Amino acid sequence: MQPAFPKITKIAYEGKSSRNPLAFKHYNPDEIVEGKTMREHLRFAVVYWHTFRGTGSDPFGPGTAVRPWDDGSNSVSNAQQRARVAFEFIEKLGAPFYCWHDRDVAPEGKNLRETNKNFDAVAKVLKAEQKRTGIKLLWGTANLFSNPRFMHGAGTSCNADAFVFAAAQIKKALEVTHELGGAGYTFWGGREGYMTLLNTDMKRELEHLAKLLHLAVDYKKQIGFNGQFYIEPKPKEPTKHQYDSDAAACLNFLREYDLLPHFKLNIETNHATLAGHTMQHELEVAGGAGALGSIDANTGDELLGWDTDQFPTSFYLTTYTMLVILKYGGLTTGGVNFDAKVRRESFEPVDLFHAHIGGMDAFARGLKIAAAIRADGRLAEFVKNRYASWDSGIGAKIESGKTTLKALEAYMLKQGEVTPNVSGRQEFLENLINEYL
Ligand code: XUL
Ligand code: CO
């Protein structure tokens, strides 16, 4: 095969004084941070859908992207060629992982049988390319939202046959993920929600969704797939309301239907924004429940109210993200997945490199800053001291459950009033973060 990126060689780490746009300034894969290499901490993944299937189209116009390797057809051979190009890109970039939807990698055929055959034919190339390069699958997923059959949803559709098609699709996607040694499998319920409650039996839909996930858990065990299952929260778009609206809603759903032991969350920055939360908030909610699994690291534009899927470049964002991830023990099965696309105006293949290099550098820098803040210790110490009143005396008694409302009343009757104990010091803490940026 002729190289798709003939002028680009392996992207190297050149350090922060480099002015080479095709070099890393901060991501030095072998550099040790908090006892692990950056490669191990960040576990970067390239997404197949935006990077190799994105055309730059939007609701107002067709694609702009120039992709000389793609013949534009829906053939299996074009899909196989695209797979080889994908691996050339990921290898040159030096990302250790990638992620796909079943329908990104292979075209749909005229029925499920033919579609599965197409998928197998491309998966064969993916497997060979994984073997050749050592690049691994972070997670696979099934696209249960693009085809018109899923107009009412998949697991939550009013049409039982659509549920069945989704189940069959998940079965196959799990098999291929397993065959490719995937570290995980993600469920993003793009149309698992509603456009209007006037036509929706919410309770019944949620029960169906839980059933579908239980069937997947059972099948996972049956085929011996040990990868981690994730749910990816998002509040809306394409639906008005998606049931997996944020981390807290997902956790509640998983607990209610006895699914929590089998799932962690895949938290996406732009989805947090759409839910009216920060990424830091969503990660804390997941981390506190022991369910922080993986992240989709794309970001949005705060002036635009939709999911713009941009590459992250803000050091504040990556620092806050890495502070929470490190606090909860780091990414284990998960990774930093760039579910991001280049802008429609960035139509050349080289833009794909600029975008990923920038995102990887932003996260490497965020990792180093977060580690430095942790090594400094003032932030953690401040938080610890802020709760000092709970470490002894009446606070410790309450925490250990050794008190009653009557005893607390007696305590306060004696004391009379609450004395302020510590300032929140938000400004001081914001300045402290700035010392490291
Ligand atoms: C959509 C989104 C998806 C999931 C995988 O907003 O983030 O691409 O990551 O289905
Ligand atoms: Co995503």
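Predicted model only: the values in this text are computed from it and were never measured. Counting convention: from 1, in listed order, for ligands and their atoms alike.
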Quick one: which ligand 1 atoms are inside 4.0 Å of a heavy atom on [X]?
X      : value
Asp296 : 9 (O)
Asp339 : 2 (C), 3 (C), 4 (C), 7 (O), 8 (O), 9 (O)
Trp49  : 8 (O), 9 (O)

Below a 4.0 angstrom heavy-atom separation, can you tell me which part of [X], side chain or backbone, both or neither, approaches ligand 1?
X      : value
Asn266 : neither
Glu237 : neither
Asp307 : side chain

Looking at [X] and [Y], does any basic side-chain N land under 4.0 Å from a carboxylate oxygen?
X      : Y      : value
Glu129 : Arg132 : yes
Glu207 : Lys211 : no
Glu268 : Lys234 : no
Lys92  : Glu88  : yes

- Ring centre gap for Tyr27 and Phe363 strictly below 6.0 Å: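 Ring centroids of Tyr27 and Phe363 are no less than 6.0 Å from each other.
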- Task: Please confirm whether Trp69 and Phe52 have ring centers closer than 6.0 angstrom.
- Result: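 So the answer is no for these two rings.
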- Is it true that the NZ or CZ of Arg365 lies under 6.0 Å from the centre of Phe315's six-membered ring and within 45 degrees of the ring axis?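 Yes, a cation-pi geometry holds between Arg365 and Phe315.
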- Task: Check each of Phe87, Phe338, Phe97, Phe89 against Val46 using the side chain to side chain contact (heavy atoms under 4.5 Å, CB included) test, and report the only one that passes.
- Result: Phe89
- Message: I'd like to know whether CG of Asp376 has more than 12 heavy-atom contacts from other residues, nucleotides or ligands below 6.0 angstrom.
- Response: yes
- Does Arg425 CZ have over 12 foreign heavy atoms under 6.0 Å away? no
Minimum-distance atom from the Co ion (ligand 2) among N, O or S atoms of [X]:
X      : answer
Glu268 : OE1
Glu232 : OE2
Asp296 : OD2
Asp339 : OD2

- Sub-4.0 Å heavy-atom approach of Thr186 to ligand 1: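 In this structure, Thr186 fails to qualify as a contact of ligand 1 - no heavy atom is under 4.0 Å.
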- Sub-3.5 Å N/O-N/O distance, Thr141 and ligand 1: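 Min N/O separation from ligand 1 is not below 3.5 Å for Thr141.
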- Flag Glu232 as yes when one of its N or O atoms lies below 3.5 Å from any N or O atom of ligand 1, and as no otherwise.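 N/O-N/O distance under 3.5 Å: yes.
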- Look at Asp309 and state whether any of its N, O or S atoms is less than 2.8 Å from the Co ion (ligand 2).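 Asp309 does not place any N, O or S atom closer than 2.8 Å to the Co ion (ligand 2).
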- Looking only at protein heavy atoms, which one is nearest to atom 10 (O) of ligand 1, and how far off is it?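 The closest heavy atom on the protein side is His101 NE2, 2.7 Å.
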